[in-house]
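All remarks here apply to the structure that follows.
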Amino acid sequence: MSEAVREAPKKERPEFRNIHVTELSNYRMPLASIVSILHRISGFMMFALLPFVLYLLQQSLLSEMTFAYLQGIASQPIVKLIILALVWGYMHHFCAGVRHLFMDLHFGLDKLSARHSAAVVLAVSLSLTALVALKLFGVF
């Protein structure tokens, strides 16, 4: 072997580690991953609260008096915020689900298209939630 091959400096190999919880603030996730994580959170939120929402629906259908009682509770500002969180969860989950269906059909799989579709999901879901918020808080 020649001298040059023996004395060639060894290249530093990159070190890949798992990310610890304390390092999450230093890790910059792409927009598509944020939309994906929010899709999972919104799906869990809707699944976990479904029995409660169905119970409220059942109670509201019992009589006019229970409906008026629940309507009075729903008119409170903190309850409106909870309703708005549920509306956002539904809107985001629906829009992100449509995005995933298009990706399952092999549309928008390249990096730029995925970034654009993630931004569209966020913009559409937040816009629809803002419209519902305006209606919920009596602006129109």
Side-chain angles (χ1 to χ4, degrees):
M1 267 185 159
S2 70
E3 293 281 329
V5 172
R6 282 189 214 160
E7 295 178 10
K10 290 196 173 190
K11 192 175 186 181
E12 289 278 334
R13 295 186 71 181
E15 179 183 334
F16 297 103
R17 302 176 294 127
N18 289 333
I19 297 173
H20 193 265
V21 173
T22 58
E23 298 172 343
L24 284 177
S25 62
N26 299 333
Y27 186 72
R28 186 179 165 269
M29 291 190 294
L31 189 59
S33 67
I34 293 170
V35 168
S36 179
I37 290 169
L38 289 175
H39 181 73
R40 293 168 192 217
I41 290 170
S42 63
F44 176 76
M45 181 177 70
M46 287 189 309
F47 177 76
L49 293 176
L50 184 63
F52 181 66
V53 170
L54 289 176
Y55 172 75
L56 290 178
L57 176 65
Q58 178 190 6
Q59 293 301 310
S60 72
L61 295 175
L62 287 178
S63 69
E64 291 180 22
M65 199 155 98
T66 57
F67 179 79
Y69 176 73
L70 291 174
Q71 190 177 21
I73 290 174
S75 66
Q76 301 297 319
I78 191 75
V79 177
K80 286 183 179 182
L81 289 175
I82 293 170
I83 292 170
L84 198 59
L86 279 171
V87 166
W88 169 82
Y90 175 75
M91 295 294 182
H92 180 81
H93 198 76
F94 180 80
C95 293
V98 170
R99 175 181 180 254
H100 285 297
L101 286 174
F102 276 108
M103 292 174 77
D104 286 344
L105 295 172
H106 301 284
F107 293 116
L109 294 179
D110 60 297
K111 190 175 183 179
L112 185 62
S113 297
R115 187 177 298 147
H116 286 304
S117 65
V120 167
V121 164
L122 280 178
V124 169
S125 65
L126 290 174
S127 299
L128 291 174
T129 304
L131 282 174
V132 171
L134 292 173
K135 179 68 176 168
L136 191 62
F137 287 100
V139 174
F140 62 88

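In what follows, residues are counted from 1 in the order of the sequence shown. Just so it is clear, the structure is predicted and the values come from calculations on it, not from any experiment.
Remark: the backbone N or O of M29 is not paired with any side-chain donor or acceptor of S33 at under 3.5 angstrom. When atom types are taken as modelled, the side chain of S125 and the backbone of V121 share a donor-acceptor pair closer than 3.5 angstrom. Side chain of S113 to backbone of D110: no donor-acceptor contact under 3.5 angstrom is found. Using a distance-only test at 3.5 Å, with no hydrogens or angles considered, no donor-acceptor pair links the side chain of R99 to the main chain of V120.
Judged as a ring-ring contact (aromatic ring centres under 6.0 Å, His included), and not counting sequence neighbours, the contacts of H100 are H39.
Across all non-hydrogen atoms, the minimal contact from A114 to A32 is O-CB, 4.4 Å. Residues S42 and G89 come closest through the heavy atom pair CB-O, 3.4 Å. Closest heavy-atom contact between V79 and A74: CG1-CA, 3.7 Å.
Taking 4.5 Å as the limit, some side-chain heavy atom of L81 sits within range of a side-chain heavy atom of F137. No side-chain heavy atom of T66 sits less than 4.5 Å from a side-chain heavy atom of L61. The shortest distance between side-chain heavy atoms of P51 and L54 does not fall below 4.5 Å. Between M91 and V132, some side-chain heavy-atom pair lies under the 4.5 Å cut-off. In this structure, L128 and V87 have side chains that are not in contact, with every pair of non-hydrogen atoms separated by 4.5 Å or more.
Within the structure, ring-ring contact (aromatic ring centres under 6.0 Å, His included) pairs that include any residue of residues 57-90 comprise W88-H92 (at least two apart or interchain).
There is a path of hydrophobic side-chain contacts, each under 4.5 Å, that joins L122 to M45. Hydrophobic clustering (side-chain heavy atoms under 4.5 Å, transitive across Ile, Leu, Val, Met, Phe, Trp, Tyr) groups M46 together with L56. In the hydrophobic clustering of ILVMFWY residues, with side-chain heavy atoms under 4.5 Å counting as a link, I73 and I82 come out apart. By the criterion of side-chain heavy atoms lying less than 4.5 angstrom apart, applied directly or through intervening Ile, Leu, Val, Met, Phe, Trp or Tyr residues, L38 is grouped together with L49 in one hydrophobic cluster. Taken together through direct or relayed side-chain contacts under 4.5 Å among Ile, Leu, Val, Met, Phe, Trp and Tyr, L126 and I37 form part of one hydrophobic cluster.
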